[in-house]
Amino acid sequence: MIVVMQSGTPAEVLTAFVEHLEERGTKVTILRTSPSILYLSGQEPDEDNLRANEWVSSVKTVDVPYRLACRELHPDDTVVDVSGIAIGQGRPIAVIGGPCAVEAEDMVLRIAKEVHSAGASLLRGGAYKPRTSPYAFQGMGKAGLVALKKAGEAVGMPVVSEIMSASQLDDFLDNVDLLQIGARNMQNFDLLKAVGRTRKPILLKRGMAATIEEWIMSAEYILAEGNPNVILCERGIRTFETATRNTMDLAVIPIIKEKTHLPIVIDPSHACGDWRYVEAVAMAAVAAGCDGLMIEVHDDPEKARSDGGQSLKPERFQTLMEKARKVAHAIGREM
Ligand code: PEP
Ligand code: MN
């Protein structure tokens, strides 16, 4: 239940009102001040009694299951600060570029320089890779995180990497600026709770067969633990279509903006699974209003140890940046 107070309600009136509710077993969360907006949970009071209070402007009941992520209770857009790069509505579109996996120290440094000079603002690189086959390259582990951090520092870019287990948390807190929860772990609730207990920015990818509501509920797990720094990332969902690796669901951009206050990043690389389609889908995502892009880049994709087929060579990444920037400007956004 939401109670909107009159603007100009005296502080002592508000305090007395909150005390009165709490004495009766109602939990009061102040969502906003001037005018004050209160979220009431637990023992809900009688609506007529609330309306009888002259300082109460309106009373609404809310029936979305994700009260911390929902737009209704949080009309302002969340902007997440990733070590100096602000991601969210009204901010420049942030581009995360880099290899699927960190393969070696020199490799990630070379690619970092390329994506940085093309205008990316964050560097990605997986150190723990969730591979379908246990025989495929599993990532460099902690050495990969350290190499990624070094490359990021060398070019002055915050870094993004996927955390697969809560046991890796300390290493991620030390080395990574934006913790990615991959599609396969979107409903790993213990992991969501663990990252929720930190204040680190989290990039939460949509599960490959998750509904939008299930995805937002996963964000709610992180928010409910007290971490407000959540960015959503659409990476394509599984459908009957086989021409692409996954199917990019671009409608999520306006839907997420309508239902939540969280920033949304689009990953056309994992959606398409083929470098040939990545540029077009990236431009479409920018046109549709995303807050960021995540693009896989490799300087020798034929020899990549994972996702070579969907990785852009640096010169193609540069072209994508130039074209997507024009689209951003056409809709009044910086990139
Ligand atoms: C990745 O970003 O490399 C990755 C494994 O992504 P996803 O979880 O979306 O498959
Ligand atoms: Mn990948």
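For ligands, and for the atoms within them, numbers begin at 1 and follow the listed sequence.
- Remark: minimum distance from atom 6 (O) of ligand 1 to any protein heavy atom is reached at K205 NZ, 2.9 Å.
- Listed here is the closest heavy atom pair of I96 and V160: CG2-CG2, 3.8 Å.
- Counted by atom type alone, H20 and R24 present one or more donor-acceptor pairs between their side chains at under 3.5 Å.
- Contact between R206 and ligand 1 is absent, with no heavy atom of the residue lying under 4.0 Å from the ligand.
- Counting just the N/O/S atoms of H270, the one with the shortest distance to the Mn ion (ligand 2) is named NE2.
- Using a non-hydrogen distance threshold of 4.0 Å, R124 registers as a contact of ligand 1.
- Taking only nitrogen or oxygen atoms, main chain and side chain alike, H270 reaches within less than 3.5 Å of ligand 1.
- Using modelled atom types and a 3.5 Å distance limit, the side chains of Q168 and D171 yield no donor-acceptor pair.
- Taking the Mn ion (ligand 2) as reference, D307 places its N/O/S atom OD2 nearest.
- Close N/O approach between D267 and ligand 1 is not found [any backbone or side-chain N/O within under 3.5 Å].
- For ligand 1, the atoms sitting less than 4.0 Å from at least one non-hydrogen atom of C100 are 3 (O), numbered in the order shown with element in parentheses.
- Geometrically, ligand 1 and E162 share no nitrogen or oxygen pair separated by less than 3.5 Å.
- Between the side chain of R199 and the backbone N or O of G226 there is at least one donor-acceptor pair closer than 3.5 Å.
- Side-chain atoms of S269 come within 3.5 Å of backbone atoms of E296 as a donor-acceptor pair (strictly under, hydrogens ignored).
- Scanning all protein heavy atoms for the shortest distance to atom 9 (O) of ligand 1 gives R235 NE, 2.6 Å.
- Considering backbone and side-chain atoms together, A183 places an N or O closer than 3.5 Å to an N or O of ligand 1.
- Defined by atom type and a distance below 3.5 Å, a donor-acceptor pair is missing between the side-chain atoms of D307 and H298.
- Defined by atom type and a distance below 3.5 Å, a donor-acceptor pair is present between the side-chain atoms of Q310 and R245.
- Each of the following atoms of ligand 1 lies closer than 4.0 Å to a heavy atom of G182: 8 (O).
- The Mn ion (ligand 2) sits nearest to atom OE2 when only the N, O or S atoms of E296 are considered.
- When all heavy atoms of I295 and P268 are compared, the pair lying nearest together is CD1-CG, 3.6 Å.
- Each of the atoms 3 (O) of ligand 1 lies under 4.0 Å from some heavy atom of E296.
- Between the side chains of K257 and Q89, at least one donor-acceptor pair of N or O atoms lies under 3.5 Å.
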